[in-house]
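Scope of the values below: all heavy atoms of this structure, side chains included, with no hydrogens, waters or symmetry mates.
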Amino acid sequence: MPVEPLPFIEDFVPQYAGAVTQFLYFVAAFVAIYLLGKVVVRPLFDRVLRRRDLDAHARKPLQRLVNFGVVFVAISVAFGFAGYGNFLTSLATIAAAATLAIGFAMQDVIKNFVAGVFIYTDEPFRVDDWIEWDNNSGIVEDISLRVTRVRTFDNELLTVPNSNLTDDVIKNPVAKDKLRQQFLFGIGYDDDIDEATEIIVEEAENHENILNDPGVTVRLTELGDSYVGLKSRFWIANPSRSDFVKTRSEYVQSVKERFDEAGIDIPYPIRTLNGEVEISGSPATEHLE
């Protein structure tokens with residue numbers, strides 16, 4: 001639909017009245033839609049992200065997408081409102097062809113981008129979580145829409161494409177508020193199982209970082225060649241990699257020291273070799289004169 005020139009513009013620049021009027025309509029519509037998006041859509045979207053407890057740096061890529069969407073919608077509506085219909089149709093055709101070409105050339109990028117969106121929505125892990133995948137492990141330092149950066153326990157920084165973390169199984173030991181651990185203690189066949197079990201339970205209950213509820217459990221699980229295996233299962237709260245390693249180390253050390261005081265042996269494998277050694281060949285003879 002053609003746009004009627006504004007009277008005051010027609011009086012001053014009659015030959016360009018229609019074009020100037022269309023431009024003013026375009027600017028007015030663009031500003032109105034953009035301000036509406038900035039005042040209404042953006043704060044509403046931010047509120048939704050905060051309700052999902054996303055970190056500030058994790059919200060930035062999504063906020064940029066919303067800003068881009070607001071600008072795109074504002075331009076599209078402004079084109080239509082100003083009567084630039086033919087130009088908008090041509091622009092859409094060119095954009096569609098360019099999108100198809102770029103899509104074929106950037107399949108991996110798009111795949112990682114979609115995977116990043118799923119990571120934000122499904123939240124299999126978050127920043128500062130300890131994760132394990134495909135024989136790798138570390139602490140998540142940053143999540144973007146294309147890659148996730150993980151700091152290994154050897155202080156190496158891994159930049160992982162998001163699709164690698166959504167296509168494979170991800171282990172997140174700290175997804176919940178507590179983590180169960182286990183350790184196998186071996187005692188000698190001549191040692192008292194009940195006494196050893198009591199020591200294992202007491203040292204778990206005495207450790208400040210091991211939970212009393214659920215409490216520690218000890219079960220006889222193995223009868224090895226040289227030892228009786230007592231497996232201890234215990235829980236720690238608010239787990240992290242460093243807390244888990246430190247707590248288990250202190251717990252095992254305290255049990256070992258109590259075993260030593262009680263005379264309970266932690267045996268090690270002993271191998272006895274039986275057989276004969278045969279030396280072939282003629283013995284050397286030394287003649288003395």
In this structure, CZ of Arg219 is separated from CG of Leu184 (nearest 0.5 Å) by 14.0 Å
inquiry  = Quick one, Tyr120 and Leu145 - any side-chain contact, counting heavy atoms below 4.5 Å?
reply    = yes
Where the side chain of Asn162 meets the backbone of Ser144, is there a donor-acceptor pair that is under 3.5 Å apart? yes
Checklist line | Asn212 (side chain) donor-acceptor with Gly215 (main chain) under 3.5 angstrom | finding: no
When rounded to the nearest 0.5 Å, the distance separating CZ of Arg180 from CD1 of Ile236 is 12.5 Å
Practice prompt. Quick one: do Lys111 and Asp167 satisfy side chain to side chain contact (heavy atoms under 4.5 Å, CB included)? Show the steps, please.
Written response: CA-CA 11 Å; Lys111 180 180 179 181; Asp167 293 344; 3.5 Å; yes
Please answer whether the main-chain N or O of Val73 pairs with a side-chain N or O of Tyr34 as donor and acceptor at a distance below 3.5 Å. no
May I ask you to check whether Phe234 and Tyr251 place their ring centres under 6.0 Å from each other?
-> yes
Is the count of non-hydrogen atoms from other residues, nucleotides or ligands lying under 6.0 Å from Phe118 atom CZ greater than 12? no
- [ ] Look at the side-chain heavy atoms of Ile, Leu, Val, Met, Phe, Trp and Tyr, link any pair under 4.5 Å apart, and say whether Leu179 and Leu211 land in one connected group.
- [x] no
More than 12 heavy atoms of other groups within 6.0 Å of Arg258 CZ | yes
* To do: Give a yes or no on whether the backbone of Asp134 and the side-chain of Asn136 come within a donor-acceptor separation of less than 3.5 Å.
  => yes
Verify whether one side chain among Tyr227 and Glu222 offers a donor that lies under 3.5 Å from an acceptor in the other.
yes
Between Asn172 and Asp129, is there a side-chain donor-acceptor contact under 3.5 Å, judged purely by atom types and distance? yes
Quiz prompt | Same cluster (ILVMFWY, side-chain, under 4.5 Å), Leu223 and Ile193 | solution = yes
CA sep, side-chain torsions, deciding dist, call: Asp192, Ile264, side chain to side chain contact (heavy atoms under 4.5 Å, CB included): CA-CA 8 Å; Asp192 189 329; Ile264 297 176; 5.9 Å; no
Any donor-acceptor N/O pair, Ser249 side chain to Val245 backbone, under 3.5 Å: no
When rounded to the nearest 0.5 Å, the distance separating CD of Glu203 from CD of Glu250 is 11.5 Å
Separation between CZ (Arg126) and CD1 (Ile131), nearest 0.5 Å, reads 14.0 Å
Are more than 12 heavy atoms from other residues, nucleotides or ligands located less than 6.0 Å from atom CG of Asp190?
-> no
Closest heavy-atom pair, Arg146 versus Asn112, reported as atoms and distance to 0.1 Å, is O-CB, 3.5 Å
> Does a side chain donor of either Asn67 or Arg42 reach within less than 3.5 Å of an acceptor in the other side chain?
Replying inline: yes
### Query
Okay, side chain of Asn164, backbone of Val160: is any donor-acceptor separation there less than 3.5 Å?
no
Query raised in the report: Hey, does Val127 have a side-chain heavy atom less than 4.5 Å from the side chain of Ile143?
Result: yes
Hydrophobic cluster membership, with links at side-chain heavy-atom distances under 4.5 Å among I/L/V/M/F/W/Y: are Leu220 and Phe185 in one? yes
- prompt: Can Trp235 and Val216 be said to form a side chain to side chain contact (heavy atoms under 4.5 Å, CB included), step by step?
  reply: CA-CA 7 Å; Trp235 297 80; Val216 62; over 6 Å; no
Does Val27 share a hydrophobic cluster with Leu36, counting links as ILVMFWY side-chain heavy atoms below 4.5 Å and allowing steps through other members? no
| task | Verify whether one side chain among Ser226 and Tyr189 offers a donor that lies under 3.5 Å from an acceptor in the other. | result | no
Report task. Would you check if Arg233 and Lys231 make a side-chain contact, meaning some heavy-atom pair closer than 4.5 Å? Result -> yes
Scanning both residues in full, the closest heavy-atom pair of Ile210 with Ala204 reads CB-O, 3.5 Å
Exercise for review: Check for a donor-acceptor pair, side chain of Asp191 on one end and backbone N or O of Gly188 on the other, with a separation under 3.5 Å.
Suggested key: yes
Is any side-chain heavy atom of His207 closer than 4.5 Å to one of Thr247? yes
(Q) If the threshold is 4.0 Å, N to carboxylate O, is there a salt bridge linking Asp213 and Lys178? (A) no
- [ ] For Asp128 and Val140, run side chain to side chain contact (heavy atoms under 4.5 Å, CB included): C-alpha distance rounded to whole Å, both residues' side-chain angles, the deciding distance at 0.1 Å, then the answer.
- [x] CA-CA 5 Å; Asp128 294 331; Val140 178; over 6 Å; no
Looking only at heavy atoms, the pair that brings Pro43 and Lys38 closest together is CD-O, 3.2 Å
Here the gap from Trp130 atom CH2 to Ile139 atom CD1, rounded to the nearest 0.5 Å, amounts to 8.0 Å
- Query: Would Val114 end up clustered with Val147 when hydrophobic side chains under 4.5 Å apart are linked, directly or stepwise?
  - Reply: no
Using side-chain heavy atoms (C-beta onward) and a distance below 4.5 Å, is Leu165 in contact with Phe125? yes
Between Ala196 and Leu230 the two heavy atoms that sit nearest each other are CB-CD1, 3.8 Å
Worksheet item: Can you check salt bridge (Lys or Arg N to Asp or Glu O under 4.0 Å) on Arg151 and Asp142, steps first, answer last?
Response: CA-CA 9 Å; Arg151 179 74 61 178; Asp142 179 63; over 6 Å; no
